[in-house]
Amino acid sequence: MSDFPTFFLRFLPDLLHGAGITILITAEGLVAGFILGLLTALARTYGDKFWRGLAVGYIEIFRGTPLLVQLFLIYYGLPGLGITLSRELSAFLALGLNSGAYQAEYLRGSLLAIGEGQMMAGRAIGLSRWKTVWHVILPQALRLAIPAWSNEPVSLLKSTAVVFLIAVPELMARAKSIAAKTYDPIASYLAVAIIYLAMVYLLDLVLRWMENNTRIPGFDMEGKKA
Amino acid sequence: MPETILEARNLTKVYGQNTIFKNINLKVKEGEAIVIIGPSGTGKSTLLRCMNLLTRADGGQILLDGEDITAKGYNEDKVRQHIGMVFQNFLLFNHLTALDNVMIGLTKVKKMPREQAIKKAMEELRRVGLLDRADHYPGQLSGGQQQRVAIARALAMDPRVMLFDEPTSALDPELIGEVLGVMEKLARDRMTMLVVTHEMGFAREVADRIVFMEKGSIVEEGSPDDLFYHPKNDRTREFLWKITELYGKKEKDKGGAA
Ligand SMILES: Nc1ncnc2c1ncn2[C@@H]1O[C@H](COP(=O)(O)OP(=O)(O)O)[C@@H](O)[C@H]1O
Ligand SMILES: [Mg+2]
């Protein structure tokens, strides 16, 4: 352990390369999950029976089963149905679908918190239902969602570690191969832990900045949600 | 004979097992200010919300300028821009400045060019005395100011008629006057108005006609003088007596505000 700094520096370039891939698949999953989650939350809150049912089904299935099971079903299961996807695409799909289910719940919570009143006020001046959602409800709901939603990027970043099991060469996969090569699992996984920590720390900074820069003057969401 | 702008014919509303009101008939003529009074829970808010189709009536018709807007397939969104509505709890769009609150209907519903919309919105803010608050968010305005912005927001659409649902009930007593002042001015300018309120002073001064509603039906209607000084119905008399007592006392306590 005494020469951990040397070890760390020696493998840093390789680990950073893996971290880059980790960040990339996190970002992809987050964006895909956001779009999917937003559509799902809207469907569940404002859709008719059919869309509500579809949204609930999707959310329940993907929050009710382990990410790893979803990943394996996509990567090893789908070929059985004649659909073979690359490792990267499988990882992207699993992370996006999984994250979308969680993000849908965060976003739905804030859509509901905005309340009926804003919808009524929008309709009263002649905005259609969907225009009111777009111009009135969403701008408020998205800001309101940030504090709770901020868990998701961090959680997703850490979840990406499972995709090394289908050999996507991300951070965790690098650590595993370094551990095998050097016979020093402690140092390898410790180095990886430090890099994950650093990434989470930076991510938190970005999220806090976002939260502070989207405040509506004079409007504290806790206090009044007319 | 002034034209009828808004009319309810045999209007009925049911929530589940509860009949909120039944066979309501009400005509609002051009330039007229009608005040609806009545105990709470009587269906006044529901009636107003039916009038601009925010809530579906279960029976009867609503006519705007003689056209049946409750007919199947009628474009609701189009109707609502012609019927302004002001709510008890203001319901300004919290993420928009006063100016943007007033403008949004112009740009997004009427598709007015931005420059023109700004001009028109500023004009409406001036009308309610809030030109200097144009760039304030609702959270930075007092209740009275918020309600005046809400009135400007509705006026900006150039509605045929304005509906007010207890516009001063959520306000601190010292802020009621500024909102009633704006409404009085509107009435003087012959804006067609249907107002639910407990402000008897306003009703007496401004209303052309007062409608007393109780338990889902119109008990009595007439000029302020008729209703206040010669009510035909005992229930009207009783209600007016109670409300004058209650609000008169409150006004005295607050040093005669409003
Ligand atoms: N969305 C609703 N669902 C069920 N009942 C309602 C709803 N809105 C109002 N009511 C009922 O209708 C009655 C009349 O309410 P409201 O129109 O608000 O009366 P008012 O404005 O005269 O106080 C009340 O008994 C109320 O509980
Ligand atoms: Mg009411």
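In what follows, chains are A, B, ... by sequence order, proteins preceding strands, each numbered from 1.
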(request) Could I get the full list of ring pair (Phe, Tyr, Trp, His ring centres under 6.0 Å) partners for A/F62, not counting sequence neighbours? (result)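 A/F62 satisfies ring pair (Phe, Tyr, Trp, His ring centres under 6.0 Å) with A/Y58 only.
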(message) Checking an interface table here. Which of residues 126-138 of chain A come within a heavy-atom distance under 4.5 Å of chain B?
(response)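 Within residues 126-138 of chain A, the residues under 4.5 Å from chain B are A/G126, A/L127, A/S128, A/K131, A/H135, A/V136.
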(message) Sub-4.5 Å heavy-atom contacts with chain A: which residues of residues 65-75 of chain B show up?
(response)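 Contacts with chain A: none.
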(request) Output the residues of residues 108-123 of chain B for which the shortest heavy-atom distance to chain A is under 4.5 Å, in residue-number order; output 'none' if no such residue exists. (result)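 Residues B/K108, B/V109, B/K111 are the ones that qualify, each having a heavy atom under 4.5 Å from chain A.
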(request) Spell out, as yes or no, whether a donor-acceptor pair under 3.5 Å connects the side chain of A/Q118 to the backbone of B/L92. (result)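 Pair found, side chain donor or acceptor close to backbone of B/L92.
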Measuring from [X]:[atom1] to [Y]:[atom2], what's the distance to the nearest 0.5 Å?
X      : Y      : atom1 : atom2 : answer
B/L96  : A/Q140 : CG    : CD    : 7.5 Å
B/N52  : A/R123 : CG    : CZ    : 10.5 Å
A/L144 : B/N94  : CG    : CG    : 10.5 Å
A/I125 : B/L91  : CD1   : CG    : 11.5 Å

(request) Measure distances from B/F93 to the heavy atoms of chain A and classify the residue's part below 4.5 Å as side chain, backbone, both or neither. (result)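 For B/F93, heavy atoms of backbone and side chain both lie under 4.5 Å from chain A.
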(request) Check each atom of B/L53 against the heavy atoms of chain A and say whether the ones under 4.5 Å are side chain, backbone, both or neither. (result)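 Looking at B/L53, nothing touches chain A.
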(message) Using every non-hydrogen atom in the two residues, find where B/F87 and A/A121 come nearest and quote the distance to one decimal.
(response)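 Here B/F87 and A/A121 meet closest at CE1-CA, 3.9 Å.
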(message) Quick check: do A/M120 and B/R49 have side-chain heavy atoms less than 4.5 Å from each other?
(response)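 Result yes, sub-4.5 Å side-chain heavy-atom pair found.
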(message) At a heavy-atom distance under 4.5 Å, which candidate from B/M85, B/K78, B/R153 has the highest pair count against chain A?
(response)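 The candidate making the most pairs under 4.5 Å is B/R153.
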